[in-house]
Amino acid sequence: MRHARRRIVRRGARFAAVGGVLLGGLMVTQALASEPSSASPATTSSTETAAGTGSGLVSRLGTTRTAGSWVDSEGRPVVAVTDKDAAAEVTAAGARAKIVRYSMNQLKSATESLRSAPKVAGTAWAVDYKTNEVVVQADSTVTATDWSRMTKLADGIGDAVRMERTKGAFTTRVNGAQPIFSTGGRCSAGFNVTNGQNQFILTAGHCGPAGSVWFADNTGSTQVGRTVSSNFPGNDFSLIQYDSGRATTGANVVSIGNNKGVRITAAGDPVVGQKVFRSGSTSGLRDGEVTGLNATVNYPEGSVTGLIETTVCAEPGDSGGPLFSEGLALGVTSGGSGDCQAGGTTFFQPVTKAMSALGVKLTGQSGSAANPTAEAAAPDPSASQGAAIAPGSAAPGAVEQVGAGDTSEEFLSRLTDPNNIGPGLLVIAGSLVALVATRYIRTEQERNAYRRAYSGTWG
């Protein structure tokens with residue numbers, strides 16, 4: 001009877017151990033299947049595909065019959081057209097058409113008239129594709145006299161121009177993803193780029209002229225590098241060459257706070273209506289929507305053109321920080337109005353334009369430095385099949401741990417996280433130990449039983 005019970009216990013232990021191995025294997029399989037892909041998510045491809053459809057229709061129909069394109073809240077391309085025939089072509093191509101009064105040529109003529117007039121610091125303008133207007137904003141520093149003069153200029157251009165007051169003042173944001181310091185103030189590092197030989201930080205041009213020395217702390221004890229090229233005003237970008245010639249590990253990851261970062265996989269151009277994210281050392285990770293392209297801002301230091309206009313907030317110290325969406329680098333922070341309590345408007349230097357002018361590409365990206373976005377421009381066609389993903393559901397990109405190596409507590413939390421393969425491996429290891437232990441115990445019991453039986457034969 002006792003032997004029968006032992007056999008039952010041993011068999012139960014073996015079955016439990018084998019079951020544990022199978023369960024652990026299933027847990028590992030599920031964890032691996034849920035691991036985020038290093039490729040650009042479907043949201044990026046869907047948005048880029050929709051934007052490509054819209055821009056392709058604009059190119060085909062021409063700027064006398066269209067007035068821009070954007071992505072709507074459901075992720076579909078929308079094209080502004082000036083006649084019914086153009087609308088029919090847009091609809092036949094699978095996009096949505098909106099008939100408007102002014103063509104892009106007429107809207108550009110209005111912006112040229114604004115650009116040729118005497119500049120007024122504290123003003124900015126951009127084409128609003130959705131309302132078919134050129135929107136001129138004037139901040140709190142614009143006097144009543146200048147406001148009256150700008151209003152008369154707008155009235156002379158016609159109904160294509162709309163004037164509006166905005167809170168705060170349009171200023172550059174000197175003072176980031178990671179903060180960098182110089183004698184001129186504090187800025188944020190944008191993206192790590194390379195010319196094939198050395199590595200640099202791409203940041204805002206207003207942060208400092210060529211020759212500016214940058215440090216990782218405000219005590220000046222750790223020198224990061226020196227500005228080797230700067231363009232401001234006109235544009236707003238600069239290059240800081242690392243003293244060591246290379247960035248640290250994780251060069252293609254931008255910080256978003258709490259020792260976490262987003263992996264940047266490529267560079268591209270934004271589309272009106274797209275959800276975007278900005279990271280800065282002052283205000284952290286913030287999001288908003290692209291509301292305009294090719295915007296002009298008249299800062300007190302001078303005018304900057306060709307900027308991305310957004311509803312993302314920013315504050316002093318965020319200058320130069322990265323603008324991105326779904327792991328795609330889009331721009332570096334230039335300036336704007338308002339703050340992250342009341343909200344505001346922020347403008348960004350397009351990263352593709354800056355890299356093309358500087359002859360650099362994103363660190364870790366293949367291809368020619370002179371053509372840094374050649375591979376980034378082509379989304380995965382398979383990802384665009386099926387329903388479009390609304391821009392509002394976009395995410396910053398693949399988030400991962402950055403900074404120093406894992407502590408023992410961090411390692412333990414990752415090992416026991418059910419979303420990782422650690423728990424499955426622990427179950428497999430424990431089950432194998434139990435299986436080996438039961439086999440060893442059985443062998444020892446049989447050996448001892450044999451010894452007792454054998455010793456009994458010796459009188």
Lys/Arg N to Asp/Glu carboxylate O, [X] vs [Y], below 4.0 Å:
{"X": "Asp146", "Y": "Arg149", "result": "yes"}
{"X": "Arg278", "Y": "Glu289", "result": "no"}
{"X": "Arg263", "Y": "Glu400", "result": "yes"}

Roughly how far, to the nearest 0.5 Å, is the [atom2] atom of [Y] from the [atom1] atom of [X]?
{"X": "Asn235", "Y": "Ser334", "atom1": "CG", "atom2": "OG", "answer": "10.0 Å"}
{"X": "Lys98", "Y": "Thr66", "atom1": "NZ", "atom2": "OG1", "answer": "14.0 Å"}
{"X": "Phe215", "Y": "Ile180", "atom1": "CZ", "atom2": "CD1", "answer": "12.0 Å"}
{"X": "Asn198", "Y": "Tyr242", "atom1": "CG", "atom2": "OH", "answer": "12.0 Å"}

Under a plain distance cut-off of 3.5 Å, with no hydrogens placed, do [Y] and [X] share a side-chain donor-acceptor pair?
{"X": "Thr227", "Y": "Trp214", "value": "yes"}
{"X": "Thr64", "Y": "Asn105", "value": "no"}
{"X": "Asp139", "Y": "Thr141", "value": "yes"}
{"X": "Glu309", "Y": "Gln137", "value": "yes"}
{"X": "Asn252", "Y": "Thr363", "value": "no"}
{"X": "Asp318", "Y": "Thr333", "value": "no"}
{"X": "Arg115", "Y": "Thr305", "value": "no"}
{"X": "Thr219", "Y": "Ser221", "value": "yes"}

Practice prompt. Begin from the C-alpha positions of Ser319 and Arg186 and carry the test side chain to side chain donor-acceptor pair (under 3.5 Å) through to its verdict.
Written response: CA-CA 8 Å; Ser319 274; Arg186 177 166 66 93; over 6 Å; no

Fill in: Row check, Trp147 ring normal vs Arg165 NZ/CZ: under 6.0 Å, within 45°
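Checked: cation-pi criterion met.
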
Worksheet item: Could you go step by step and tell me if Leu323 and Phe277 meet the side chain to side chain contact (heavy atoms under 4.5 Å, CB included) rule?
Response: CA-CA 6 Å; Leu323 178 75; Phe277 302 82; over 6 Å; no

Practice prompt. Start with the C-alpha gap between Leu362 and Asn192, add the side-chain angles, then the distance that decides, and say whether side chain to side chain contact (heavy atoms under 4.5 Å, CB included) holds.
Written response: CA-CA 6 Å; Leu362 291 173; Asn192 282 303; over 6 Å; no

Item to complete: I would like to know whether Arg101 and Asp159 meet salt bridge (charged side-chain N to carboxylate O under 4.0 Å, His left out); could you show each step before the answer?
Response: CA-CA 10 Å; Arg101 179 178 178 184; Asp159 293 340; 3.5 Å; yes

